Structures are given as C-alpha cells and as structure tokens.
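Notes to accompany the following structure.
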Amino acid sequence: QVQLVESGGGLVQAGGSLRLSCAASGRTFSEYNMGWFRQAPGKEREFVARIMWSSSTYYAGFVRGRFTISRDNAKNTVYLQMNSLKPEDTAVYYCAAGNRIGAAMTRGDEFDYWGQGTQVTVSS
C-alpha cells in the first residue's frame, strides 16, 4: 500500500505560481512512477504530468513550459511547480502512484494509488 497526501493548493491570481507537494508513505517510493491529474467542476479528470521512477518526465500540452514535475526520493515527495497560472488551471489536483511495467503512465487507470486532492483556484 502507498498513502499519498497532497498539499500546497490555494488561491492565486492569474500569472502567479504555486508549488504542490505530494508526500508518500508505505512501499518504496523510488520504485513508483508518480503523476499529477486535475479535475475541474463539471469536467472529467485529466492528466497533467508524470515522472517515472527513472525521473523521465512528460507533460500534457496545455501545461508544457509552465509546470514542472520533480521528485525527491530521499523525502518520499513529488512536486508540481506551477508558473504562469491561468484561470482555466482552476481544479482539484490529485497525486497518483503506480508501477505498471511498460505503461506510459498518462492515464488514470494506469495508477493504483491516489491522494485526496488539493484545490487550486486561479482568479482573473
């Protein structure tokens, strides 16, 4: 089992920045691929970014160049640095963990463990 706890969400003006954190406990963190997803009101959950156990990263097109995912295996934590935030980035952001061999880790069903989410609100 892996337990995930997100933090760092809040209210920010458009153009501002936030850094989300996801602290993991349980199984060996360094063996897991980690992802960030988000869900806005009335919309489906969507992929934001992922970082593999190897530290390879991949981003959704709408955040590329603005968001950065990183991990600190010594702290069992994955981060999402969000810059140049836009009102359309408003959503609940979820951290996820999975270790399926050969998976791209860009779909929700490829992850096995989820955090409770943290609200990000960007005002215009």
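FYI, side chains are in, hydrogens and waters are out, and symmetry mates aren't considered; it's all heavy atoms of this structure. For clarity, every value in this text was computed on a predicted model and none was experimentally measured.
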Co-membership, hydrophobic cluster, residues [X] and [Y], 4.5 Å side-chain:
| X | Y | answer |
| --- | --- | --- |
| Phe47 | Ile51 | no |
| Leu20 | Val2 | yes |
| Phe111 | Trp53 | no |
| Phe62 | Val12 | yes |
| Met105 | Phe37 | yes |

Nearest heavy-atom pair of [X] and [Y]: which atoms, and what distance?
| X | Y | answer |
| --- | --- | --- |
| Ser124 | Pro87 | CB-CG, 3.8 Å |
| Ser84 | Ser17 | N-OG, 4.4 Å |
| Val63 | Val48 | CG2-O, 3.5 Å |
| Leu85 | Arg66 | CA-NH1, 3.9 Å |

In chain order, what residues pass the salt bridge (charged side-chain N to carboxylate O under 4.0 Å, His left out) check against Arg45, with sequence neighbours excluded? none
The criterion is salt bridge (charged side-chain N to carboxylate O under 4.0 Å, His left out); which residues satisfy it with Glu46, sequence neighbours excluded? Arg38
Do [X] and [Y] have side-chain heavy atoms sitting under 4.5 Å apart?
| X | Y | value |
| --- | --- | --- |
| Met34 | Tyr113 | no |
| Leu4 | Trp114 | no |
| Val78 | Cys95 | yes |

Decide side-chain hydrogen bond (donor to acceptor under 3.5 Å, both in side chains) for Gln3 and Ser25; before the verdict, give the C-alpha distance in whole Å, the side-chain angles of both, and the deciding distance to 0.1 Å. CA-CA 5 Å; Gln3 293 80 42; Ser25 61; 3.2 Å; yes
Looking only at atom types and distance, does a side-chain atom of [X] sit under 3.5 Å from a main-chain N or O of [Y], one as donor and one as acceptor?
| X | Y | value |
| --- | --- | --- |
| Arg71 | Asn76 | no |
| Glu110 | Gly98 | no |
| Tyr59 | Ile69 | yes |
| Thr121 | Leu11 | no |

Answer with yes or no after comparing the ring centroid distance for Trp36 and Phe67 against a 6.0 Å cut-off, counting only values under it. no
Within 6.0 angstrom of Gln116 CD, more than 12 heavy atoms from elsewhere: yes
Ser54: partners by side chain to side chain contact (heavy atoms under 4.5 Å, CB included), with sequence neighbours left out: Met52, Ser56
Val92: what forms a side chain to side chain contact (heavy atoms under 4.5 Å, CB included) with it, not counting sequence neighbours? Tyr94, Gln119
Which distance, rounded to the nearest 0.5 Å, do you find between the CG of Asn73 and the CD of Glu31? 10.0 Å
Working to the nearest 0.5 Å, report the span between OG1 of Thr68 and OH of Tyr79. 14.0 Å
Can you list the residues that meet the side-chain hydrogen bond (donor to acceptor under 3.5 Å, both in side chains) rule with Glu88, with sequence neighbours excluded? none
Starting from the C-alpha separation in whole Å, work towards a yes-or-no answer on side chain to side chain contact (heavy atoms under 4.5 Å, CB included) for Thr90 and Val120. CA-CA 5 Å; Thr90 295; Val120 171; 5.9 Å; no
Modelled atom types, side-chain donor and acceptor of Asp72 and Thr77, under 3.5 Å: no
So side chain to side chain donor-acceptor pair (under 3.5 Å) across residues 96-106, not counting sequence neighbours, yields Arg100-Asp112
